[in-house]
Structures are given as C-alpha cells and as structure tokens.
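Everything quoted here is computed from the prediction, not taken from an experiment. Basis for what follows: all heavy atoms, side chains included, without hydrogens, waters or symmetry-related copies. Reminder, nothing fancy here: chain letters follow the sequence lines and each chain counts from 1.
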There are 2 protein chains.
Amino acid sequence: MARMSVADRRAALILAALRVIERDGVHGATTRAIVAEAGMPLASFHYAFLSRDELIRELIRTVVETEGQAASETLSEQAGIRTSIRDGLQAYFDLLVAEPNREQAMFELLHYSLRTEELHDLPKAQYSTYWKTAASVLEVGAKAARVQWKLPVAEVARLLVTFISGLTLAWLADRDAEAAARTMDFAADSLAVLAEPISDLADAKTNQSIER
Amino acid sequence: MARMSVADRRAALILAALRVIERDGVHGATTRAIVAEAGMPLASFHYAFLSRDELIRELIRTVVETEGQAASETLSEQAGIRTSIRDGLQAYFDLLVAEPNREQAMFELLHYSLRTEELHDLPKAQYSTYWKTAASVLEVGAKAARVQWKLPVAEVARLLVTFISGLTLAWLADRDAEAAARTMDFAADSLAVLAEPISDLADAKTNQSIER
DNA sequence: GTCTATAAGGAGATAGAC
DNA sequence: GTCTATCTCCTTATAGAC
C-alpha cells in the first residue's frame, strides 16, 4: 500500500468500517472484514488504531457529527406547519426506504455503545445530535409557516425524534409503507397542535390544552 | 446432570440464554456462557439444539409469545381515557426503569433477526405481538372510559407502540426520566384525541380533524 | 443418555522480515 | 514505514469414553 498519513488511514478505515456495518451489521465488522473493504493488509489496522473499540468509537463520533447535515433542505416554502412536518417526515422516510441498512446500522451502533462500558457516553451524544438537528428543522419550518412553538423547541424536537425512532423500527420490522404513512399523518397532526400563529392574540383560540 | 427430557433442557437453556442476553447482550450469549448459566456441560447444548441459531430463534419466539401477558392490569377503573393511557404508559416506563436490560435485549434480538436471513420472519412477528397487546389494552381502556376509537383500534395500537419504542430508545440513551414524562404526557394527549364518547351524538363536538 | 476432551476455524493483536 | 506470518484466545460443534 502506498504511503498514507495515519490520519488518512484512520479516515479510510472508518469509512470502510461504516460500509461493512451497513452491509453486514456491527457483528460482521471484524478487523479483517474492515481492512479487506479498505484494501489494506491486516497489520495496517493496528498501525492506525489501538484497538477495534477505538475505531468503533471514532466511527460513531464521525457518524453522529456528520449525520445532522442534509436535513431541513426539504422544507417547502409557503406551506403550513402541518404540511411542512408531514413533508419533512416523508423525506426522511424516503431516505429510510432507499437505505434501510444505514438506519439499521445507527440502531446497532447505539446498542453496541449501550453494552460497552467505555462507550457509555455515546448514546446520549448520538441522540443529542438527533434532537439538535430536529430542533433546527422545526425552527426553520416554524419560521416559514409564520408560527411559533408553544413549548421550547427542544421539547418538540424530542417528540419528533420519538416519532421518527418508533416509525423507523416499526417499518424495519414489517416494511408496511402505508401504515408508516398513517403514522406520519398522525405525527404531523399531533405536532402541529403544538404550534400557534405568531401573533399573540392567537392563544385564546387554541382549545387543545397540553397538560404538563 | 440429572436426567432431563429434551423439552425441559430446551426450556432451561432458553431461559438461561435470556438471562445472559439481558446481562451481557446478544453478543455475549455464546453457547459456553449459556450452558454455564444453565449449569450444564457444553455438550448438552447441541444435544438439545441443532445450532446456536436454532436456540436464538426459539428464544425470540418464546419471548414474543409470553411478552404480551402482564399488561392491561394496570388500567385504573373509572378513569378518563387520557388518564388511562397516561397511567398505562407510566406502568410500562416504571418497568423499563426497573429492568432496562430486558428492553435493551428485545431491541438487540430484533436487530439480530433483521441481520439473519433465516430469522427474517421474526421482526414482524415480534411487532405483531406488540401491536396486538397494545390493541387489547386500548380496547379495555376505552371500554372502562366509555369511549370508542375513531380509528380502527389496530391503528391506534400501532401509534401507541410507536410512542413506546421511541420513548424507550430516548430514555435508554439519556436516562432522563423527566423528559420521558413529558413525552408520555404528549402521547396521552395525542392519543386521547383519537377517542370519542361512546354515544354517537358526540362526533359533532370533536373539532380535531385527523387527516388521512 | 451424559459429559470430557478435542477438532476446526475465526477473532484481535503483534513480532519481526523487508 | 509496510506487510507477512504467527501467537493466543475464544468460538461452534462433535467424537468417543463412560
């Protein structure tokens, strides 16, 4: 293998590992499978990483950081908040259907972290990224729809992520797109109730009280 | 080891395997760990099961069948449907907090099935049990609260399970009980909207339209 | 029927040749 | 710096003694 900086090797191995995990699951991501995917000899692995766990840790860190990128571009301008949420959910769902293995991999990595003492801080970091991304999408959507959230946007974001996680698991289990669509309809309805017109006259009109 | 019928051995090994999986994860459930937990010599394993995969398959089947048992006893009589749902969610959540490893194990088994060709029918079976259990609880709750569901109860059940899955994952990641409580409040609010008083005069009164 | 002992292979990690 | 060859341990599964 040609000369390569350690940093480049680490990056290449992480990408290769991610491909292997998507294809074969966390269980299949052995050091041998990873170096084969990266086209490197086995010894290069421990030249770049101290251990397999170190790579997994870096991998989750990378994935969690880069995952919150491509969101919020799907939001239709000029739409009501209910439609915006529904469209955003659909965009996510289309991505899930196109690449189910990726979402499966995210779940597996979460559970792997939960079972590995040294990685116990990662699940929270992973979900924090989800929540932050969701909050940012919800803020953009609210602004475009000229509404505001009655709850802190971070809480609405958590609810949105709850829907998405539950939706994803159910679809992975039964691959029923129509049932998923109904779940998304309900999620959009329920979340839209948490928004109100931006003028503050409006709150006298809302009659769906949210108990806290 | 004393005489034991093959059926008894299989049952004992499955229970031992479940304990190991809860403690150490699916990854830790090696044949050696399982027989050690069951107090059997290694050879007994393959005397009772053809392979490790056969045991895992039987284990998931058993778990999925027996899991829908202890529900619906928590429903408070004489309560409104919103309160009943909220209480039911709390009962589940208390169980989750008391034994997080059990729920973690259920997720891991789901993902294991998704990654194993021969087990591809199990995820759907697992969720079908969840849905069926949820539907049964929702029916009992509606009856007690003298309301009826505006949607087929199977669909409401799917939404409830969506909430529970999402809620569980988030709590496993960040162990924030207060945030979980807020999610449960929202879930109870949102699902209660799907019920209406049993008298059929009532539907003119509901003003939360559910788009389909 | 039961269990000890072992086969056969895959895993992470490394020594040492180039 | 790089990689081949190997070490050591752990896995599933089985052969064969009792």
Side-chain angles (χ1 to χ4, degrees), chain A residues 1-21 23-60 105 108-109 111-113 115-119, chain B residues 1-21 23-60 105 108-109 111-113 115-119:
Chain A
M1 178 119 264
R3 281 282 187 96
M4 234 177 143
S5 76
V6 173
D8 286 351
R9 247 178 227 288
R10 286 171 72 99
L13 284 168
I14 286 174
L15 286 177
L18 191 56
R19 288 195 299 274
V20 173
I21 290 175
R23 192 199 320 125
D24 303 324
V26 171
H27 178 73
T30 64
T31 53
R32 287 175 155 82
I34 294 167
V35 294
E37 177 74 26
M40 290 181 197
L42 180 56
S44 293
F45 187 96
H46 291 284
Y47 180 72
F49 290 98
L50 271 167
S51 69
R52 179 175 170 278
D53 256 17
E54 196 201 347
L55 173 132
I56 299 281
R57 182 177 192 96
E58 286 304 308
L59 183 148
I60 300 180
E108 288 174 15
L109 288 170
H111 291 297
Y112 183 87
S113 300
R115 288 291 187 192
T116 309
E117 197 73 50
E118 315 88 85
L119 305 181
Chain B
M1 179 117 262
R3 280 283 186 95
M4 236 177 138
S5 75
V6 173
D8 286 350
R9 248 179 225 288
R10 285 171 73 99
L13 283 168
I14 286 175
L15 286 177
L18 190 56
R19 287 195 299 273
V20 173
I21 289 176
R23 193 199 319 126
D24 303 325
V26 172
H27 178 74
T30 63
T31 53
R32 286 178 149 79
I34 294 167
V35 294
E37 177 73 26
M40 290 180 196
L42 180 56
S44 294
F45 187 96
H46 290 285
Y47 179 72
F49 289 99
L50 270 168
S51 69
R52 179 175 170 278
D53 255 17
E54 196 202 348
L55 173 132
I56 300 280
R57 182 179 192 95
E58 286 303 307
L59 182 148
I60 301 181
E108 287 174 16
L109 288 170
H111 291 297
Y112 183 87
S113 299
R115 289 291 186 192
T116 309
E117 197 73 48
E118 314 89 84
L119 306 182

K.L.:
Rounded to whole angstrom units, what separation is found between the CZ atom of Phe45(A) and the C1' atom of dA5(D)?
P.N.:
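So the CZ-C1' distance, Phe45(A) to dA5(D), works out to 19 Å.
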K.L.:
What's the closest nucleotide to the Ala43(B) side chain, out of dT4(C), dA13(D), dA13(C)?
P.N.:
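Comparing dT4(C), dA13(D), dA13(C) against the side chain of Ala43(B), the answer is dT4(C).
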K.L.:
Counting distance only, does the side-chain N/O of Arg52(B) pair as donor-acceptor with the main-chain N or O of Ala29(B) below 3.5 Å?
P.N.:
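Present.
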K.L.:
If I take atom CG in residue Asp53(A) and atom C1' in nucleotide dA13(C), what distance separates them, rounded to the nearest angstrom?
P.N.:
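Interatomic distance, CG of Asp53(A) to C1' of dA13(C): 13 Å.
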K.L.:
Starting the side chain at C-beta, find the nucleotide from dG12(C), dT2(D), dA13(D) nearest to Arg9(A).
P.N.:
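Selected nucleotide (nearest to the side chain): dT2(D).
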K.L.:
Once you round it to whole Å, what is the distance between P of dT11(D) and CD1 of Ile34(B)?
P.N.:
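Taking CD1 of Ile34(B) and P of dT11(D), I get 11 Å after rounding.
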K.L.:
Which nucleotide in the list dA13(C), dT2(D), dA13(D) gets nearest to the side chain of Leu42(B)?
P.N.:
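The closest nucleotide is dA13(D).
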K.L.:
Quickly work out the Met40(B) CE to dT4(C) P distance and round it to whole Å.
P.N.:
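Met40(B) atom CE is separated from dT4(C) atom P by 14 Å.
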K.L.:
Nearest-Å distance, CG (Leu55(A)) to P (dA13(C))?
P.N.:
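Checked: the CG to P distance equals 11 Å.
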K.L.:
Would you mind reporting whether Ile14(B) and Leu18(B) have side-chain heavy atoms less than 4.5 Å apart?
P.N.:
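Result no, sub-4.5 Å side-chain heavy-atom pair not found.
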K.L.:
Find the distance Arg52(B):CZ to dG9(C):P and express it as a whole number of Å.
P.N.:
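Interatomic distance, CZ of Arg52(B) to P of dG9(C): 20 Å.
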K.L.:
Please report the closest heavy-atom contact between Arg115(B) and Arg23(A), naming both atoms and the distance.
P.N.:
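What the structure gives for the nearest pair is NH1-O, 3.5 Å.
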K.L.:
Is Thr31(A) near enough to dG12(C) that one of its side-chain N or O atoms lies under 4.0 angstrom from OP1 or OP2?
P.N.:
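For dG12(C), OP1 or OP2 has a side-chain N or O of Thr31(A) closer than 4.0 Å.
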K.L.:
Answer with yes or no whether Arg32(A) presents, from its side chain, a donor or acceptor under 3.5 Å of a partner atom in the base of dG10(C).
P.N.:
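Answer is no: no donor-acceptor pair is held.
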K.L.:
Choose from dT14(D), dG1(C), dT2(D) the nucleotide whose nearest atom is closest to any side-chain atom of Tyr47(B).
P.N.:
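Between dT14(D), dG1(C), dT2(D), the one nearest the side chain of Tyr47(B) would be dG1(C).
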K.L.:
Taking side chain to side chain contact (heavy atoms under 4.5 Å, CB included) as the criterion, tell me which of Leu59(A), Leu109(A), Val20(A) meets it with Val26(A).
P.N.:
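So the option named by the test is Leu109(A).
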K.L.:
Considering all heavy atoms of both residues, which atom of Gly25(B) and which atom of Glu108(B) are nearest to each other, and what is their separation?
P.N.:
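Scanning both residues completely, I find the closest heavy atoms to be CA-OE1, 3.1 Å.
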K.L.:
In this structure, how many angstroms lie between the P atom of dG1(D) and the CZ atom of Arg10(A), rounded?
P.N.:
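It works out to 16 Å between those atoms.
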K.L.:
Calculate the interatomic distance between His27(B) atom NE2 and dA11(C) atom P; express it in whole Å.
P.N.:
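My rounded result for the distance is 11 Å.
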